[in-house]
2 protein chains.
Amino acid sequence: MRPESTTARQVRPGGTNGESFFVEPPAAFDEAQEVVGRKWHLRIVYQLLEHGPMGFNALEDRVVGVSSKMLSESLSRLEDDGVVDRDLVSDQPLRVAYSLTERGAALEPVVWGLLRWSVEHGPAEDA
Amino acid sequence: MRPESTTARQVRPGGTNGESFFVEPPAAFDEAQEVVGRKWHLRIVYQLLEHGPMGFNALEDRVVGVSSKMLSESLSRLEDDGVVDRDLVSDQPLRVAYSLTERGAALEPVVWGLLRWSVEHGPAEDA
DNA sequence: CAGCATCCTCTTCGATACTG
DNA sequence: CAGTATCGAAGAGGATGCTG
């Protein structure tokens, strides 16, 4: 499960885990949280993974509880982050299609991992 | 990669994905985000995964940038969420050890998945 | 259909200082 | 060593209403 074969950048400084104190790559967590830490992002990605490209209102229907403002804002951010693509389908009537980029689609294992975790290791019953 | 064999609860209502519009389980995302959505949680879990149980100050040193206040607050939450355990090691001098619960350790694939994703599908160069 | 503008509130996080 | 108290700034997110 460990990313032994990293391509772009490295997670670990070296192969060995000596006494010499190495730290996590803070930037990696920041990037991850930009996507995974915001309330609607993961839910949007999930819907696009499951059902493929769709329009604004289709998303609004499927992403339970989202308002048009939050959906719009989230989609803009996800676009900026290179996770979703927005394509103009037609002008009259106005129709757009949101889809996942390659970067976005690459989130699939993460989304499923998270869902699996929630399902299999439910909330702590005690508190 | 899909959670075909769920034990506790179900992600999908049925086996079939008909026209009849099913939605994601909102609660699952909420739980996930309680852990993954807060700034320090994932970084703390990461350190405990990598280095095993450790004390408060060891964590403070390893989790780059965290203050004692945020670390304390985060650990309390993670304890409440059943992700980390706090064990009193000795009274004089005061020593505690934080470790992952089973639920916490089960986050390993998610943490690695997220890190892999950041590393392999780096930030969008364009914007 | 596919959004944006405003306003408002609640939470999160950081800085700083202090305690058993 | 292992935390807590207090303060303040920033941002996320919701409600509502309007636009091309």
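Chain identifiers are assigned alphabetically (A, B, ...) following the order of the sequence lines, protein sequences preceding nucleic acid strands; residue numbering begins at 1 within each chain. Values reported hereafter were calculated over all heavy atoms of this structure, with side chains retained and with hydrogens, waters and symmetry mates removed.
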*Could you pick out which residue, A:Glu60 or B:Glu34, lies toward the 5' side of DNA chain C when each is mapped onto its nearest nucleotide?*
A:Glu60
*Of all of residues 81-89 of chain B, which get a heavy atom below 4.0 angstrom from DNA chain D, listed by number?*
B:Arg86
_Using the salt bridge (Lys or Arg N to Asp or Glu O under 4.0 Å) criterion, which residues pair with B:Arg77? Sequence neighbours excluded._
B:Glu34
*Who passes salt bridge (Lys or Arg N to Asp or Glu O under 4.0 Å) against B:Asp30, sequence neighbours left out?*
A:Arg43
_I want to check one thing: is the phosphate of D:dC1, taken as OP1 and OP2, less than 4.0 Å away from some side-chain N or O of B:Tyr98?_
no
*Indicate the atoms forming the closest heavy-atom contact of A:Val64 with A:Trp40, along with that distance.*
O-CZ3, 3.5 Å
*Minimum heavy-atom separation for B:Trp117 to A:Val83, with atom names?*
CZ2-CG2, 4.4 Å
*At under 4.0 Å between heavy atoms, which parts of nucleotides 13-20 of chain D does protein reach? Answer with one letter per nucleotide, 5' to 3': B base, S sugar-phosphate only, - none.*
BBB----B
*Quick one: list whatever passes side-chain hydrogen bond (donor to acceptor under 3.5 Å, both in side chains) with A:Glu60, sequence neighbours left out.*
none
*For B:Asn57 and D:dG3, give me the distance from atom CG to atom P, rounded to whole Å.*
9 Å
_What is the separation between atom CG on B:Leu42 and atom P on C:dC13, rounded to the nearest whole Å?_
13 Å
Tell me which donor-acceptor pairs under 3.5 Å the side chains of residues 87-97 of chain A have, and how far apart each pair is, sequence neighbours excluded?
residue	atom	partner	partner atom	Å
A:Ser90	OG	A:Pro93	O	2.4

*Could you tell me how the ring of B:Tyr98 sits relative to the ring of B:Phe56: parallel (under 30°), tilted (30 to 60°) or perpendicular (over 60°)?*
tilted
*Partner residues of B:Ser67 under the side chain to side chain contact (heavy atoms under 4.5 Å, CB included) criterion, sequence neighbours left out*: B:Lys69, B:Met70
